[in-house]
Amino acid sequence: MNSNNNGSSAKLDVYAIVTTRITELLEQGTIPWRQPWTGAGIPRNAISKRPYRGINLWLLLSLHFEQNLFLTWDQIKKLGGSVKQGEHGHVVIYWKTPPKNDDAADGEKKVPILRYYKVFNIAQCRDLPESLVEPLVPVEHQPILECEAVVTGMPQCPEIRHKQQEAFYHKVDDYINMPKKKSFQSPHLYYATLFHELVHSTGSEKRLNRSSIAEMAEFGSELYSLEELIAEMGSAYLASFTGIEHKSMDNTVAYIQGWLGKLRNDKRFIVQASGQAQRAVDFIINQPAPATSETEDAAESVVEDQK
């Protein structure tokens, strides 16, 4: 095995790689963005401890390792470890800005290119320093209080009304309507639904100005489907973030078939949705996106190692 296993320089269709993986999971009846990380922890790099974001979070979470700590091939070597025989790496994507071209016109915008490399879970490795792995300590918290903290702490949070027995975000008047809490089988379901609508609200012009909300996409359209997946992924993240259950919808089969149809028609669909969902969640929990993501750091180390 060699460093080429990272695949960061391979000229492959990264959108197709990611879409194929998500499609496989959906065909098996597994919805990646409904996988909680409560026990194993949120997927992180084992050295930097930075969490993976966007589609990388869901790709790694769907692997169901006992601890969600990962390393690049280069990092494993530097630690003096190795990968166990027969183990395979897992795809992590990142955006790479191409180098400046001397012949490029002044002011010409450089378009980032989607690339990937591979990481290994610590369970796939041997001879790693024992100090690398910290024992998981159960965190005592009250999920409903955590949910309330998310809602009250959201910047520019829209008004939340309980006047009609249906859940929706009203774009023009910028408010969320929710059925009364007692209408739900549990408080967890109430907040999971509210999170879905909060994600929708981040798309308004005065917040993130997301086209799938700002343009008031019609039911069944490509933008409408994209927006619904953004809200679904964002609410699933917030459910895991607060520790509440994110139970499947009654029409899960229909949703899976719908998502599969979109993925087969547009290989960029899932990457775009996950990126937008991450930005929506960052806005809701008032967390600025990192200037340099862990994936970029690791990818750069891989490139440097290959020079």
Once you round to the nearest 0.5 Å, how far does [atom1] of [X] lie from [atom2] of [Y]?
X	Y	atom1	atom2	result
S212	Q272	OG	CD	8.0 Å
C125	F70	SG	CZ	10.0 Å
Q156	N286	CD	CG	10.0 Å
F241	I42	CZ	CD1	9.0 Å
K118	T72	NZ	OG1	13.5 Å
R279	Q287	CZ	CD	14.0 Å

Minimal non-hydrogen separation, [X] against [Y], with atom names:
X	Y	value
I122	A46	CG2-CB, 4.2 Å
I244	C147	CG2-SG, 3.4 Å
S62	R21	OG-NH2, 3.3 Å
S82	D127	OG-OD2, 4.2 Å
N177	Q164	ND2-O, 2.8 Å
M233	S274	CE-CB, 3.6 Å

Can you check whether [X] reaches [Y] side chain to side chain, under 4.5 Å on heavy atoms?
X	Y	value
L223	I213	no
V150	M154	no
L226	I230	yes
F283	L198	no

Donor-acceptor pair, distance only, cut-off 3.5 Å: does the side chain of [X] make one with the backbone of [Y]?
X	Y	value
E197	M178	no
T19	Y15	yes
N121	Q67	yes
S183	P179	no
T30	P32	no

Quick check: Y94 with Y116 (ring centres under 6.0 Å apart)? no
Are the ring centres of W37 and Y237 closer than 6.0 Å?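 Under 6.0 Å, so yes.
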Do [X] and [Y] sit in the same hydrophobic cluster, where Ile, Leu, Val, Met, Phe, Trp and Tyr count as joined when their side-chain heavy atoms come under 4.5 Å apart?
X	Y	value
Y117	I113	no
F195	F168	no
V133	I76	yes

Side chains of [X] and [Y], donor plus acceptor under 3.5 Å:
X	Y	result
E232	H196	no
N45	Q75	yes
R210	T202	yes
T242	E146	no

Show, in sequence, the C-alpha distance, side-chain angles and deciding distance for N68 and Y52, and conclude whether the side chain to side chain donor-acceptor pair (under 3.5 Å) test is met. CA-CA 10 Å; N68 284 321; Y52 291 92; over 6 Å; no
Please name all residues satisfying side chain to side chain contact (heavy atoms under 4.5 Å, CB included) with T152, sequence neighbours left out, ordered by chain then number. E148
Should the pair R207-D174 be classified as a salt bridge under the 4.0 Å nitrogen-to-oxygen rule?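 Yes, this pair counts.
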Check this for me, if you would: do K262 and D266 make a salt bridge, where the nitrogen-to-carboxylate-oxygen distance has to be below 4.0 angstrom? no
Under the ring-ring contact (aromatic ring centres under 6.0 Å, His included) test, which residues partner H90, sequence neighbours left out?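 F65.
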Checking F184 now: which residues fulfil ring-ring contact (aromatic ring centres under 6.0 Å, His included) with it, not counting sequence neighbours? Y190
Evaluation steps, side chain to side chain donor-acceptor pair (under 3.5 Å), between E228 and H200: CA-CA 8 Å; E228 281 305 307; H200 279 318; 3.1 Å; yes
Anything under 30° is parallel, anything over 60° is perpendicular, the rest tilted; go ahead and classify H170 against Y175. parallel
